[in-house]
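Computed from a predicted model, the values in this text were never measured in an experiment. Position 1 is the first residue of the sequence; numbering continues from there.
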Amino acid sequence: TLAEGKTLGEIYTKEGAEALKRSVSSLFGIVVDRYAVLSGTIFMKLAAQIGSVVYELPYEIVYSREGSPVHFSAGKQQLDGQDLLDLFQVPTLKQNPVEKSDLLGDIIAEAINQNMSAASEKRAASVFKLAVNAVRTDVTSTDFELRRESAAFLAGMDARFAGNLPVQGEWQDGNF
């Protein structure tokens, strides 16, 4: 994603989290209050704590990462944290970065919908503690406490809250 002539990654690396929050706020017309930056290892720990996701991949995905093959068959899969990380590291799908964004957005929305119990009164405190202590963030315990009751309420509902907004636009001959 491009903002102010730079990728969001470049803005974060060169100007910091506050500049990134301002850029995303301006780009999407929303207020970004907090940020979190996590490594692949931390992502897998959080995914293990929150839960896996069952997802039907529409096609086979095969690529090589650091000389090792990564392979996902088409069809219904139970994806854990390592699988999700592997899917995020796919260079492109069908030579189309928009296709990758669409697929990953759908998978993450499904992961949220299938694991809303992580926001329940019973589980939220341990998930929050792991996350806030493991990632670089400006989220505080006050942020958690102010949202705890609402999150628990949503976790108890039988509804699908997350969805995917597809990427639109073009940069560098179609590569985002």
Side-chain angles (χ1 to χ4, degrees), residues 1 3 7-57 65-66 68 70 72 76-90 100-165 167:
T1 302
T7 66
L8 297 180
E10 289 170 337
I11 293 169
Y12 177 76
T13 301
K14 294 176 183 173
E15 301 173 42
E18 291 302 318
L20 178 62
K21 287 178 2 181
R22 283 191 305 276
S23 294
V24 172
S25 292
S26 174
L27 182 65
F28 293 107
I30 59 173
V31 176
V32 176
D33 294 315
R34 302 285 183 252
Y35 78 96
V37 178
L38 58 153
S39 68
T41 302
I42 299 304
F43 176 84
M44 287 189 302
K45 285 182 182 180
L46 286 168
Q49 177 85 8
I50 292 169
S52 62
V53 59
V54 175
Y55 188 83
E56 187 158 345
L57 289 172
R65 186 182 68 243
E66 298 173 1
S68 298
V70 177
F72 292 94
K76 199 172 203 177
Q77 316 274 327
Q78 179 144 5
L79 304 170
D80 63 13
Q82 180 65 61
D83 295 329
L84 293 171
L85 188 60
D86 287 342
L87 286 167
F88 270 93
Q89 293 175 342
V90 171
K100 177 181 175 181
S101 176
D102 287 345
L103 180 68
L104 293 176
D106 286 344
I107 292 171
I108 292 303
E110 193 58 37
I112 291 167
N113 288 324
Q114 290 179 26
N115 292 287
M116 282 301 293
S117 66
S120 68
E121 194 63 42
K122 189 174 183 180
R123 295 185 55 207
S126 63
V127 171
F128 174 77
K129 183 178 178 181
L130 172 64
V132 81
N133 289 321
V135 304
R136 190 174 321 122
T137 184
D138 60 355
V139 174
T140 67
S141 60
T142 301
D143 296 319
F144 172 70
E145 291 301 331
L146 288 172
R147 291 158 181 85
R148 184 180 206 156
E149 188 176 325
S150 297
F153 174 77
L154 291 175
M157 296 182 73
D158 186 23
R160 301 176 59 78
F161 298 102
N164 178 29
L165 297 175
V167 171

Restricting to side-chain contact (heavy atoms from CB on, under 4.5 Å), what partner residues turn up for V70, sequence neighbours left out? Y63, R65, F72, D86

Which residues pass the side-chain contact (heavy atoms from CB on, under 4.5 Å) test with D138, not counting sequence neighbours? E18, K21, R34, Y35

Closest non-hydrogen contact found for V37 with V135 is O-CB, 3.3 Å

V132 versus F144: any side-chain heavy-atom pair under 4.5 Å? no

Under 3.5 Å donor-acceptor, S117 side chain and S120 backbone: no

CZ/R147 to CZ/F128 distance, rounded to the nearest 0.5 angstrom? 10.0 Å

Gap between atom CD of Q49 and atom CE of M44 - 0.5 Å precision: 15.0 Å

Of all heavy-atom pairs linking E15 and A19, the shortest is CB-CB, 3.5 Å

Here the pair of heavy atoms bringing A155 nearest to A119 is CB-C, 3.8 Å

Donor-acceptor under 3.5 Å (S26 side chain, R22 main chain): no

Taking S25 for its side chain and V32 for its backbone only, find out whether a donor-acceptor pair lies under 3.5 Å. yes

Any side-chain heavy atom of E110 within less than 4.5 Å of one from R160? yes

Give the minimum heavy-atom separation between A118 and I50, together with the two atoms involved. CB-CG2, 4.0 Å

Value rounded to 0.5 Å, distance of OG1 in T13 from CG in L8: 10.5 Å

The criterion is side-chain contact (heavy atoms from CB on, under 4.5 Å); which residues satisfy it with L104, sequence neighbours excluded? L87, F88, K100

For the atom pair CD1 (I108) and CG (N164), what is the distance rounded to the nearest 0.5 Å? 10.0 Å

Quick check: closest heavy atoms across S23 and A3, and the distance to 0.1 Å? CB-CB, 4.2 Å

Under 3.5 Å: donor-acceptor pair, side chain of D106, backbone of L103: no

Close side-chain approach of E149 to F153, heavy-atom, < 4.5 Å: no

Do the side chain of D80 and the main chain of A47 share a donor and acceptor less than 3.5 angstrom apart? no

Identify the heavy atoms of L84 and F43 that sit nearest to each other, and give their distance. CB-CE2, 3.7 Å

Gap separating the CG atom of L79 from the OH atom of Y55, nearest 0.5 angstrom: 9.5 Å

Rounding to 0.5 Å, atoms CG (D102) and CG (L165) come to a distance of 10.5 Å

Do any N or O atoms from the side chain of Q77 and from the backbone of L57 form a donor-acceptor pair under 3.5 angstrom? no

